[in-house]
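Working notes for the structure below.
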Amino acid sequence: MKTSSLSRWLSALLLLTVPLTASAADGTAVMGGLGLLLLVAAGAVAFARPQGLLLSAAAGAALSLYLGMEHASAGQAICDISEKISCTAVNSSEYSKLLGVPVALYGFGFYLAMSWLAGRHALFQRGGALLLMQIGGVVAVGFDVYLGWAMSQVGALCPMCAATYVLNLLLLIGSTLERNRLSRIAGPGAGDTVFSALQSEGGPGVVAGLAGLILGIMVTGAGGSAAASAKSAGPVTADDLRGTYELAAGDVTFEPNDPIKGNPEAKYVLVEWADFQCPHCALMFPELKRVVEENPDVSVRYKHYPISQTCNHFVEWEGHKDACRAAAASVCANAQNAFWPLAEKMFKNQQYLSKDDIRFMVEQSGIDTAAFETCMADPATEAAVREDVEGGGKANINGTPSIFLKGPFGDRWVKINGGYEEITAILKVARAGGSLPEPPPPSAPAH
């Protein structure tokens, strides 16, 4: 491909980022910010290629590390804009891991390797580094095709993931343009071969990539110390528990008719605010179930917090359009002591929560359908959901799932930053009469 043709491709790619930047006017600042980032990166690759390649690789590393950290967290990503534009939906799907490691962390390692190669070329004009960047760009773009297919299966768009796909194109196109430039300067036959490029630049590039992968796993807390200590027979230390809880930012309350799993008189009480269309909530559901099944002195109470302005005035966008209906359905199921079977089905089928879909799951759960329909038409059902939402506002929750624990610190509630492993580690120390670190103050509340 001629250089002039590649330049036209790059110019077209730069123009494609303009709509993303303009979307900031619609209130989606994150989309606008991503568009601006891509615009700057594309402009840099077009007019200052060595620096542009380094900028594109560094931007990819930053986005990948954020997605990797978000994968390990229980909160929602800043790029969750709607039901169909959600990093969380994609980042917590079955396609988000490879060999047990978040795909985003492989991306972080890849971009650190590309940053090293781009830096080598920017400083020393290394054609071998550019050749390896070309090869890496081809592989990355090919893998992006698979990831794009995976997003189509999830039924949602991850804006940050899509931004890395554009960055990969920039790296491929930019490294090709730059190699062509060096070839014109050096003359025919002066280019690097794959073998020579691997000899001169491959070793440090591989080291940079592996170091990035290991660093990413460490930073995101994969297999963290609290989890490891909870699984082992060894003691859990204060350092193990650091960051696993904080004081609740508001008042945590519950009602007698809340769905309860476990002994209502249990010494340790967990309260969770969740949303049936929240991907992290679906992952948390079996973890809390496991906590209760393995610990007779623990109970969990479920509270509704649909991320949808339909029934949640704290949310300013349509959000999860089926979440309010699902919450109401679970209220009616709870009236027939069937909350947990229906909840499990709805969490497993988050993409299928239409009125007809829920009716089918109700029938499969052995619920009296006539009484269920009567309950769904009762205004008191929606009022019950809104009451839980108000409770979430008083607790100052900042997303779903939000989990609180009472018992290890007397009557004081703490917000749990994690799931099964963290809760188990805290309980292990509390039961043994150990000294739990004083809960740190709450992070900034949402309301």
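Since the model is a prediction, treat every value here as computed from it, not as a measurement. Positions are given from 1 along the sequence.
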Got [X] and [Y] here, is their nearest side-chain heavy-atom distance under 4.5 Å?
X      : Y      : result
Ile358 : Asp322 : no
Ile416 : Val414 : yes
Leu169 : Tyr165 : no
Leu132 : Trp116 : no
Asp357 : Asn349 : no
Pro296 : Asn263 : no
Val300 : Val291 : no
Leu37  : Leu63  : yes

**Item:** Residues which pass side-chain hydrogen bond (donor to acceptor under 3.5 Å, both in side chains) with Ser330, listed by chain and number, not counting sequence neighbours
**Value:**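 Applying side-chain hydrogen bond (donor to acceptor under 3.5 Å, both in side chains) to Ser330 gives His304.
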**Request:** Please identify each residue that fulfils side-chain hydrogen bond (donor to acceptor under 3.5 Å, both in side chains) with Ser96, with sequence neighbours left out.
**Result:**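 Testing Ser96 for side-chain hydrogen bond (donor to acceptor under 3.5 Å, both in side chains), a comparison that skips the adjacent residues, returns His71.
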To the nearest 0.5 Å, what is the distance between [atom1] ([X]) and [atom2] ([Y])?
X      : Y      : atom1 : atom2 : result
Leu172 : Met114 : CG    : CE    : 8.0 Å
Asp388 : Thr253 : CG    : OG1   : 9.0 Å
Ile403 : Ile423 : CD1   : CD1   : 5.0 Å
Met160 : Leu167 : CE    : CG    : 11.5 Å
Phe285 : Lys261 : CZ    : NZ    : 7.0 Å
Asn334 : Asp258 : CG    : CG    : 8.0 Å

**Asked** Quick check: are there more than 12 heavy atoms from other residues, nucleotides or ligands sitting under 6.0 Å from CG of Asn257?
**Response**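 More than 12 heavy atoms, drawn from other residues, nucleotides or ligands, come within 6.0 Å of this atom.
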**Asked** Counting heavy atoms not belonging to Lys345, are there more than 12 under 6.0 Å from its NZ?
**Response**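 More than 12 heavy atoms, drawn from other residues, nucleotides or ligands, come within 6.0 Å of this atom.
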**Prompt:** Is there a side chain to side chain contact (heavy atoms under 4.5 Å, CB included) between Val90 and Leu157 once you walk through the steps?
**Reply:** CA-CA 7 Å; Val90 176; Leu157 169 68; over 6 Å; no
**Request:** Mind checking side chain to side chain contact (heavy atoms under 4.5 Å, CB included) for Gln309 and listing every partner two or more places apart, or none if nothing turns up?
**Result:**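 For Gln309 there are no side chain to side chain contact (heavy atoms under 4.5 Å, CB included) partners, ignoring immediate neighbours.
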Nearest heavy-atom pair of [X] and [Y]: which atoms, and what distance?
X      : Y      : result
Leu436 : Pro408 : CD1-CB, 3.6 Å
Leu213 : Leu105 : CD1-O, 3.7 Å
Val45  : Gly174 : CG1-CA, 3.7 Å
Thr381 : Cys375 : OG1-O, 2.6 Å
Pro401 : His280 : CD-CB, 3.7 Å
Pro442 : Glu246 : CA-OE2, 3.6 Å

Side chain of [X], backbone of [Y]: donor and acceptor closer than 3.5 Å?
X      : Y      : value
Gln277 : Ala323 : yes
Tyr106 : Leu98  : yes
Arg412 : Leu247 : no
Tyr245 : Ile426 : no
Ser402 : Gly399 : yes
Asn396 : Ala249 : yes
Asn312 : Phe314 : yes
Glu422 : Gly419 : yes

**Message:** So, applying side chain to side chain donor-acceptor pair (under 3.5 Å) with His320, which one of Thr310, Thr400, Asp275 is it?
**Reply:**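 Result for side chain to side chain donor-acceptor pair (under 3.5 Å) with His320: Asp275.
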**Asked** Hey, would you say the Tyr352 and Phe360 ring centroids sit under 6.0 Å apart?
**Response**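 No, the ring centres sit 6.0 Å or more apart.
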**Message:** Under the ring-ring contact (aromatic ring centres under 6.0 Å, His included) definition, can you give me all pairs with a residue in residues 249-277, not counting sequence neighbours?
**Reply:**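 For residues 249-277: Trp273-Phe404, Phe276-Tyr302, Phe276-Phe347.
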**Request:** Kindly write out the residues that satisfy disulfide bond (SG atoms under 2.5 Å apart) with Cys281, not counting sequence neighbours, or none if the list is empty.
**Result:**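 Cys281 satisfies disulfide bond (SG atoms under 2.5 Å apart) with no other residue.
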**Item:** Verdict with reasoning, Met376 to Lys355, per side chain to side chain contact (heavy atoms under 4.5 Å, CB included)
**Value:** CA-CA 11 Å; Met376 288 292 286; Lys355 185 176 181 180; over 6 Å; no
**Message:** Run the side chain to side chain contact (heavy atoms under 4.5 Å, CB included) test on Lys321 and Leu353 for me, step by step, so that the C-alpha distance in whole Å, both residues' side-chain angles and the decisive distance to 0.1 Å come before the verdict.
**Reply:** CA-CA 9 Å; Lys321 64 183 180 67; Leu353 294 177; over 6 Å; no
**Item:** Worked verdict on Thr164 versus Tyr111 for side chain to side chain contact (heavy atoms under 4.5 Å, CB included)
**Value:** CA-CA 10 Å; Thr164 64; Tyr111 287 117; 3.4 Å; yes
**Prompt:** Between Cys324 and Cys311, is the SG gap short of 2.5 Å?
**Reply:**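 The answer is yes, since Cys311 and Cys324 bring their SG atoms under 2.5 Å apart.
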**salt_bridge(Arg386, Glu390) N-O dist < 4.0 Å** =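 Salt bridge flag = no for Glu390 with Arg386.
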**Item:** salt bridge (charged side-chain N to carboxylate O under 4.0 Å, His left out) pairs, two or more places apart, involving residues 364-375
**Value:**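 Checked against salt bridge (charged side-chain N to carboxylate O under 4.0 Å, His left out) - neighbours excluded - the pairs reaching residues 364-375 are Arg359-Glu373.
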